[in-house]
Asks: 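Structure below; questions to follow.
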Amino acid sequence: MLIIGIHNTGILSSAAAVVDGQLVFGCAEERLDRRKFSKYFPHKAIQACLSHIGATLADVDVFAIGWNPAINIGNRYRAGFSEWPAYPGARFYSNPNQLLPSLGDVNFDETLQTFSRMSGRDTRIRYVTHHLAHAANAFLLSPFPEAAVFSCDGYGERATTIWAKADRTGLKVSSEILFPHSIGSLYGTMTQFLGFRPDLDEWKVMGAAAYGDPERYEKDLRRLLSWDDQARFELDLSYFNHFSFDSSPLYTPKLEALLGPARRDGEPLDQRHYDLAAGIQRVTETYLHVALAHLHQVTACDSVCLTGGVLMNSVFN
């Protein structure tokens, strides 16, 4: 069984080859096309995978993609995609766009497209729910026979955070948080507020946090995020604009009224900026500790797998 995994829905396109359940090769497209943060479809990375194992595209049993568009289609009616498609390939989404919202049950774990060829060998494309792809990446590459799994990022199709338990027979999600409530968006918004690029420069915020006093703004920043004893959290959306994808910035004027003016790109960093970075790092870490304590409580597992963009926070780890 040859599976080619494809990531082309985020800031860095990539591909990987899995042969008979074993990961044998993977790389980012930027390494081959020499474009930093390349978002192009990973043709070169796919070819590198195939060349490594001496295979061709025709040998691939399944192309797996870590994003399941059926969830988005099933939950939202987008009229612009619904009428007679101008491009024949658009039928692959225009017909589901008419049918899926009417089904009632819109909890799609995965989506499979099968293209039957005259040769008798099918080409299959499998769309895996984003956070399940994160969870599989973390758990299946771990040494653990059983583990608690926590995945947290900006957003998937709908979910931003999941709590789960995994063993060699499968993975069971116990709870989830849906967009626009997102720890990744919280941290990304503050990344932009501090004059950096969200979803790219969060490492600069982590570095700046080391020079700041987290207590100076911790109380104000806690207004942005609340949670209950089950670790279910909410953002105060009056401070945010991240859910309006066609608009910038990611925050509203209310956030500047709370924290003072945002830093503009190119302006020098002063102590206030370092203190804000330390504050958002403290708030993020405080919540993540709560989330993981809850996960340990509900799974009773002593091994844990952490995954998703938020868990790339090396200071927290």
Asks: Is there a donor-acceptor contact under 3.5 Å from the side chain of R158 to the main chain of I177?
Replies: no
Asks: Would you say W163's side chain and A291's backbone share a donor-acceptor pair under 3.5 angstrom?
Replies: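 Present.
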Asks: Does atom CZ of R121 have more than 12 heavy-atom neighbours from other groups under 6.0 Å away?
Replies: yes
Asks: Is the shortest distance from a Lys or Arg side-chain nitrogen in R126 or E110 to a carboxylate oxygen in the other one below 4.0 Å?
Replies: yes
Asks: Could you check whether D122 and T114, counting side-chain N and O atoms only, form a donor-acceptor pair closer than 3.5 Å?
Replies: no
Asks: Taking atom types as modelled, find out whether D153 and H134 have a side-chain donor-acceptor pair closer than 3.5 angstrom.
Replies: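 Checked: D153/H134 side chains pair up, N/O donor to acceptor below 3.5 Å.
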Asks: Hey, is NZ on K172 packed in by over 12 heavy atoms from elsewhere, all under 6.0 Å?
Replies: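 Atom NZ in K172 is not crowded, with 12 or fewer foreign heavy atoms closer than 6.0 Å.
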Asks: Are the aromatic rings of H289 and F316 close, with centres under 6.0 Å apart?
Replies: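 Yes, ring centres under 6.0 Å apart.
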Asks: Side chains of D275 and E215: closer than 4.5 Å at any heavy-atom pair?
Replies: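 A side-chain contact under 4.5 Å is absent here.
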Asks: Decide whether Y211 and Q271 meet the rule of one side-chain donor and one side-chain acceptor closer than 3.5 Å.
Replies: no
Asks: Find the distance between CG (L200) and OG1 (T191) and round it off to the nearest 0.5 Å.
Replies: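 OG1 of T191 is found 9.5 Å from CG of L200.
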Asks: Would you say the side chains of D33 and H43 form a donor-acceptor pair under 3.5 Å?
Replies: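 No pair is found: no donor N or O on one side chain lies under 3.5 Å from an acceptor on the other.
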Asks: If hydrophobic clusters are built by linking Ile, Leu, Val, Met, Phe, Trp and Tyr wherever their side-chain heavy atoms come under 4.5 Å apart, do F41 and I3 end up in the same one?
Replies: no
Asks: Are side-chain heavy atoms of Q281 and N313 found at a separation under 4.5 Å?
Replies: yes
Asks: Does any N or O in the side chain of E267 come within less than 3.5 Å of the main-chain N or O of R264, such that one atom is a donor and the other an acceptor?
Replies: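 Yes, because the side chain of E267 sits within donor-acceptor range (under 3.5 Å) of the backbone of R264.
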Asks: Within a reach of under 6.0 Å around OH of Y40, are more than 12 heavy atoms found that belong to other residues, nucleotides or ligands?
Replies: no
Asks: Counting neighbours of CG on D265 that are heavy atoms of other residues, nucleotides or ligands and sit closer than 6.0 Å, is the number greater than 12?
Replies: no
Asks: Mark yes or no: R168 above the aromatic ring of F139, with NZ or CZ under 6.0 Å from the six-membered ring centre and no more than 45 degrees from the axis.
Replies: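 Relative to the ring axis of F139, which defines the angle, R168 lies inside both limits.
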Asks: Are V60 and L2 packed together at the side-chain level, in the sense that at least one heavy-atom pair is separated by less than 4.5 angstrom?
Replies: yes
Asks: Between L221 and Y239, is any pair of side-chain heavy atoms under 4.5 Å apart?
Replies: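 No, too far: nothing below the 4.5 Å cut-off.
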Asks: Between W227 and Y287, is the gap from one ring center to the other below 6.0 Å?
Replies: yes
Asks: Can you find a side-chain donor-acceptor pair between D59 and T56 that sits under 3.5 Å?
Replies: yes
Asks: Which residues satisfy the side chain to side chain contact (heavy atoms under 4.5 Å, CB included) test with W203, sequence neighbours excluded?
Replies: D201
Asks: Measure up the H242 and F240 rings against each other and bin them: parallel (under 30°), tilted (30 to 60°), perpendicular (over 60°).
Replies: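 H242 vs F240 ring planes: perpendicular.
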Asks: Atom CD of E218 and atom CD1 of I280: how far apart are they, to the nearest 0.5 Å?
Replies: 10.0 Å
Asks: Which value, rounded to the nearest 0.5 Å, describes the distance between L132 atom CG and T307 atom OG1?
Replies: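 Separation between the atoms: 11.0 Å.
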Asks: Distance only, no hydrogens: is a donor on one side chain within 3.5 Å (strictly under) of an acceptor on the other, for K254 and S238?
Replies: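 K254 vs S238: donor-acceptor pair found between side chains.
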Asks: Tell me yes or no: between the side chains of S14 and H7, is some donor less than 3.5 Å from an acceptor?
Replies: no
Asks: So, are K44 and E29 salt-bridged, with charged N and O less than 4.0 Å apart?
Replies: no
